[in-house]
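A short worksheet on the structure shown next.
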2 protein chains.
Amino acid sequence: MARDGFELENFLPYRLNRAAEFVALRFAAQYKARYQLTRPEWRTLAALGSSGRSMTATEIGAHSTMHKTKVSRAVFSLEQRRWLKREEDGRDRRFEHLALTPAGEQAYKELTELASRYQAELLSMLGTEDMSALSTGLRAIERAMRKSAPEA
Amino acid sequence: MARDGFELENFLPYRLNRAAEFVALRFAAQYKARYQLTRPEWRTLAALGSSGRSMTATEIGAHSTMHKTKVSRAVFSLEQRRWLKREEDGRDRRFEHLALTPAGEQAYKELTELASRYQAELLSMLGTEDMSALSTGLRAIERAMRKSAPEA
DNA sequence: AATCAATAGTTACGATTGTAACCAATATAA
DNA sequence: TTATATTGGTTACAATCGTAACTATTGATT
């Protein structure tokens, strides 16, 4: 096929991107259909819900590698939906402490079940062995990210 | 940390996306700086260059999982740059056969070297073992994609 | 204090994207 | 034939995104 040493099919950024998109899109289809959630919204909800405490917008961004503005917009729309409320920090009024409302908690719980089911589905698609190989590989990248992290 | 079974940190779509973004961004920084190429442009160039033959826009899209319109725009700008030329199909004039010009080939070759260096850098960041685990895992996803492929 | 720098978050704006509608050419079928 | 459907590719338009500029607040420096 190719005439030289380089093979696009073996190029890691290419492969990772393709795989990530495939896996993400199938899940996004679910929460979009059932909850009319966008990706940044789901990510924000997940960050808050899974941490189990209130967080600032900046924390959410760092945690989920989303841009400030994305977080800001997602927070706004989750607030509109009454899934999230802001509380100002008494000591430093620049901060906003964001927390899920009971409705938000409930939504998170339901989405969490969707997510767990999806994860299980993926596991059965890949098989235990390949899944754990993937996990090992991803862990290595996560390690590398922490080291050389200029952060997106 | 979390109060329930679900852990965002272990959720595959989340982890894959994070990793893919990290890996892609560091490479994109290189070709953007050196060649003022956008991501869809690089992907189109790579698809054409690595196949070593002329392709139609649809083929490029299928190969690199890019939307029609993205391909269309990338093709247009590569054409402006004289890195790519179109040839119409005599039998079926709907098709456009896209091929790299000598200048395009040259650019592809240079970018290919960048890419190979980057791949090597990644390998040394992850180590041989983790890299091959990652590759195994990705291969499993690629397999799954081929099966259930509704294609993005 | 008064000034300057830094930080949290929002927003205006330009760029990039995808959906849907479109044009052109070919294939199918009446 | 002449409809009708399909397919390759482009484009108008609306939505989404990120950069950069902004507001507000706090911290540091004088």
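Side-chain atoms are counted along with the backbone in the values below, which use heavy atoms only and exclude waters and symmetry mates.
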*With the threshold set at 4.0 Å, does a side-chain nitrogen-carboxylate oxygen contact exist between A:E121 and A:R26?*
yes
_One pair to check against side chain to side chain donor-acceptor pair (under 3.5 Å): B:E9 and A:H63. What are the steps and the verdict?_
CA-CA 10 Å; B:E9 314 295 330; A:H63 183 82; 3.0 Å; yes
Spacing of [X] atom [atom1] relative to [N] atom [atom2], expressed in whole Å:
X	N	atom1	atom2	result
A:H67	D:dA21	NE2	C1'	12 Å
B:E88	C:dA24	CD	P	15 Å
A:K68	D:dA20	NZ	P	12 Å
A:D92	C:dG9	CG	P	9 Å
B:I60	D:dG8	CD1	P	14 Å
B:R91	C:dA24	CZ	P	25 Å
A:E96	D:dT23	CD	C1'	13 Å
B:F76	C:dA15	CZ	C1'	16 Å

From [options], nucleotide with atom closest to [X] side chain:
X	options	answer
A:T56	C:dG9, D:dT26, D:dG9	C:dG9
B:F95	D:dG8, D:dT25, C:dT26	D:dG8
B:T58	C:dT11, C:dA8, D:dG9	D:dG9
B:P40	C:dG9, C:dT17, C:dA25	C:dT17
A:K70	C:dG9, C:dT17, D:dC17	D:dC17

*asked:* Going by the rule side-chain contact (heavy atoms from CB on, under 4.5 Å), which residues pair with A:R81 if we only count those two or more places apart in sequence or in a different chain?
replied: A:Q36, A:L37, A:E41, A:W83
*Counting N and O atoms only, with roles assigned by atom type, does the side chain of A:R82 sit under 3.5 Å from a partner on the main chain of A:T101, one being a donor and the other an acceptor?*
no
*asked:* It should be established whether B:R93 places a side-chain nitrogen or oxygen under 4.0 Å from OP1 or OP2 of nucleotide C:dC23.
replied: no
*Just to confirm, is there a sub-4.0 Å distance from OP1 or OP2 of C:dT10 to any side-chain nitrogen or oxygen of A:S72?*
yes
*asked:* How close do A:R15 and B:R139 get, counting heavy atoms only, and between which atoms?
replied: NH2-N, 3.4 Å
*Can you find a donor-acceptor N/O pair under 3.5 angstrom joining the side chain of A:R94 to the base of D:dG27?*
no
*Establish whether the base of D:dG18 is bridged to the side chain of A:R73 by a donor-acceptor pair shorter than 3.5 Å.*
yes
*Which part of the nucleic acid does B:R86 contact within heavy-atom distance under 4.0 Å: base, sugar-phosphate only, or nothing?*
sugar-phosphate
